[in-house]
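Read through the structure below, which is laid out as structure tokens, and then see the notes.
Throughout, a chain's letter reflects where its sequence line sits, starting with A, and its residues are numbered from 1. Small disclaimer: the values here were computed from a predicted structure and weren't measured.
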Protein chains: 2
Amino acid sequence: MNLRDLRYVLAVAEFRHFGKAAEASFVSQPTLSGQIKKMEDELGVTIFERSNRSVEITPIGEQLLIYARRVIEQVEAMENLAKAAQDPLAGPLRLGVIPTLGPYLMPLILLPLRKDFPQLHLVLREEITSLLLDHLRRHELDAALIATPPDDDDLQEIPLFDEPFWLAHPAKHPLYNKDEIYEEDLPVDQLLLLADGHCLTEQVMGVCHLDQSAGHDDLRASSLETLMQLVGAGFGCTLVPALALRSSWATDTGVILRQVNIANAERRVRLVARKTFPRALALKALARLINRHLPNTVRRIEI
Amino acid sequence: MNLRDLRYVLAVAEFRHFGKAAEASFVSQPTLSGQIKKMEDELGVTIFERSNRSVEITPIGEQLLIYARRVIEQVEAMENLAKAAQDPLAGPLRLGVIPTLGPYLMPLILLPLRKDFPQLHLVLREEITSLLLDHLRRHELDAALIATPPDDDDLQEIPLFDEPFWLAHPAKHPLYNKDEIYEEDLPVDQLLLLADGHCLTEQVMGVCHLDQSAGHDDLRASSLETLMQLVGAGFGCTLVPALALRSSWATDTGVILRQVNIANAERRVRLVARKTFPRALALKALARLINRHLPNTVRRIEI
DNA sequence: TGACTGCAATATGGAAAACCTATCGAACTG
DNA sequence: CAGTTCGATAGGTTTTCCATATTGCAGTCA
């Protein structure tokens with residue numbers, strides 16, 4: 001059996017006339033006659049009782065028509081659904097973000113996204129890089145915003161921007177008197193860090209030439225917010241990604257935020273997804289939109 | 001789109017493996033791959049996200065699969081329905097019968113019919129010949145038992161038997177003393193008839209060489225039963241089809257029933273149907289069954 | 001590191017199907 | 001009785017579908 005045949009049968013049932021049904025189906029009458037006959041032979045029943053001047057539907061034909069109509073109905077619904085989903089921008093996009101980026105980047109783009117691509121619905125998830133990559137590989141996420149190279153042949157990346165690290169130190173700190181901060185000025189022994197697993201932790205340690213194994217596990221914050229509270233309370237210094245900077249930190253907690261004169265004191269943020277992910281256009285649109293709404297504290301990478 | 005393609009999609013969804021899905025669908029892997037790809041192109045969406053070592057269903061694919069499953073389900077139900085209806089003996093057969101035959105023939109065959117063809121369900125309708133033929137032509141009946149040639153190129157007939165007419169006269173009647181009844185003995189002027197429209201009326205008039213127009217509309221019965229009551233009450237005589245004979249008439253109403261020695265004092269009963277009626281086997285089965293269960297008062301026509 | 005394996009995609013040629021035009025045969029129409 | 005209508009049939013062409021062979025990629029094992 002064949003969907004085409006079902007449509008032919010419905011046409012004949014509608015017109016009760018092979019010629020008109022053929023015309024409405026955009027085929028010749030012999031073609032339609034042949035297909036109807038073929039289908040009747042396959043099913044082993046007569047659907048239409050036809051003579052030279054009349055076409056009548058048999059009782060069993062009437063019953064079969066009910067099914068045929070349902071089938072065609074379902075198929076059309078299916079095609080409509082596909083058509084509605086053709087736009088890669090339409091539908092939910094499951095996006096993961098690292099915790100040191102999400103709370104600061106997403107507020108910048110959610111409103112513009114709703115304005116420019118109202119049909120693209122982000123489903124957000126905040127987790128550390130390794131978990132995000134796992135979810136990507138398991139098709140539990142469609143894309144992720146991370147700050148390290150994905151390092152997986154199955155994944156692709158769209159570089160978005162380079163985000164400099166700023167130095168955060170307590171108001172009463174010797175560095176307060178320095179105009180410019182260079183690499184050797186970094187107070188490595190007073191460095192406060194996030195918990196392990198956050199890419200920021202490794203990156204800050206890298207900038208400070210600290211070894212992974214070299215302790216520094218006495219005081220670990222679980223979020224940037226906590227970390228800043230610690231700095232404000234005078235427990236030490238840290239490096240903060242530019243997007244996380246907020247003037248309220250200075251006023252509320254007395255933290256001083258400073259640009260630094262250190263090459264590579266930055267991280268590259270990228271959008272990653274499986275190479276096989278079919279909605280490449282959605283990724284591109286998202287990447288461009290993020291790029292357009294970045295503040296000048298970061299350096300955009302043109303797409 | 002194509003039902004075959006839908007089955008391919010379902011197979012891939014089940015196995016998450018093109019090779020295995022192809023094997024289960026009894027086609028080669030390239031064939032299946034090609035059809036899936038063709039369908040994805042047609043629908044404009046990706047159903048499977050596939051790499052060298054994994055096949056995953058996209059969210060939109062998952063939605064489409066729901067429809068695909070429903071469609072295949074419906075099609076299979078349709079095929080099952082057709083298969084169940086393949087037997088021409090199965091299902092209702094709408095049968096019309098003339099009133100001078102139905103009440104006497106049907107009791108003879110209904111039980112044997114249920115025994116031999118339990119799946120063949122007769123839907124009976126009793127009407128005069130002209131109405132039965134109209135219903136046949138309008139596909140409101142499938143077949144009819146009548147006693148005149150259908151005289152319609154669209155109809156076919158299966159002759160069943162010749163049914164002699166018997167003479168019915170009141171007990172106290174001059175003919176009582178005659179051993180044999182010949183044509184010239186018929187009491188034409190005392191003849192009682194059924195209403196117009198009954199084929200029996202014309203046939204009896206024919207046997208008696210009475211003109212259609214020649215009156216005889218003073219006393220008309222609406223059924224054979226009434227007619228016999230009239231005969232029993234001494235209003236006149238009539239000719240009765242052999243199957244209608246019942247011993248109770250003699251005992252209850254005092255009617256005398258006599259064979260007659262008249263050529264053509266009989267009617268041919270046949271099963272008629274549209275030439276295009278597809279369940280020819282059902283007709284043949286019914287005809288043979290009727291034939292097998294006739295009493296010896298009629299002359300069977302071997303089929 | 002190099003042969004081997006597993007998997008989907010691609011290339012190419014052959015078979016089946018669907019389709020077309022032309023025509024037939026039957027029956028109705030003027 | 002010619003003309004028309006309608007479904008069925010005949011014969012040939014095109015499209016679609018399918019199979020075998022091959023490619024390309026990524027693991028796996030020796």
Residue among Lys275(A), Arg270(A), Arg268(A) satisfying salt bridge (Lys or Arg N to Asp or Glu O under 4.0 Å) with Glu157(A)
Arg270(A)

What integer distance in Å separates Phe48(A):CZ from dC6(D):P?
16 Å

Rounded to whole Å, please give me the gap between CZ in Phe26(A) and C1' in dT15(D).
19 Å

Classify Tyr8(B) by what it touches in the nucleic acid, base, sugar-phosphate, or nothing, heavy-atom distance under 4.0 Å.
sugar-phosphate

Any Arg50(A) side-chain N or O less than 4.0 Å from OP1/OP2 of dC6(D):
no

Start at the 5' end of DNA chain C and walk down; is the nucleotide closest to Asp153(B) or to Ser33(B) reached first?
Ser33(B)

Quick one: label Gln29(B) by what it contacts on the DNA or RNA (base, sugar-phosphate, nothing), any heavy atom closer than 4.0 Å.
base

For Arg137(B) and dA27(C), what is the distance between atoms CZ and C1' respectively, to the nearest whole Å?
15 Å

Check this for me: Glu23(A), atom CD, are more than 12 non-hydrogen atoms of other residues, nucleotides or ligands nearer than 6.0 Å?
no

Do Arg274(B) and Ser51(A) pair up side chain to side chain, a donor and an acceptor below 3.5 Å, judged on atom types alone?
no

Minimum-distance pair of heavy atoms, taken over all atoms of Leu43(B) and Gln86(A):
O-NE2, 3.0 Å

Scan Thr31(A) against the nucleic acid and name what it touches under 4.0 Å (heavy atoms): base, sugar-phosphate only, or nothing.
base

The residue, Ser54(A) or Arg4(B), whose nearest nucleotide of DNA chain D is more 5′ is Ser54(A)

Does a side-chain N or O from Asn2(B) land closer than 4.0 Å to OP1 or OP2 of dC17(D), or not?
yes

Which residue lies more 5' along DNA chain D, comparing Phe18(A) with Val27(B) via nearest heavy atoms:
Phe18(A)

To the nearest angstrom, the CD-C1' distance between Gln35(B) and dC18(D) comes to 9 Å

Rounding to an integer number of Å, can you tell me how far Asp41(A) CG sits from dA18(C) P?
13 Å

Integer-rounded Å distance: dA8(C) C1' and Glu56(B) CD:
15 Å

Classify Ser28(B) by what it touches in the nucleic acid, base, sugar-phosphate, or nothing, heavy-atom distance under 4.0 Å.
base

In whole angstroms, how far is the C1' atom of dA8(C) from the NE2 atom of His17(B)?
9 Å

Tell me the interatomic distance from Ile36(B), atom CD1, to dC7(C), atom P, rounded to whole angstroms.
17 Å

Quick check on DNA chain C: between Lys37(B) and Asp5(A), whose nearest nucleotide comes earlier from the 5' end?
Lys37(B)

Side chains of residues 59-75 of chain A: which donor-acceptor partners sit under 3.5 Å, not counting sequence neighbours?
| unit_1 | atom_1 | unit_2 | atom_2 | d |
| --- | --- | --- | --- | --- |
| Arg70(A) | NE | Gln74(B) | OE1 | 2.7 |
| Gln74(A) | OE1 | Arg70(B) | NE | 2.7 |

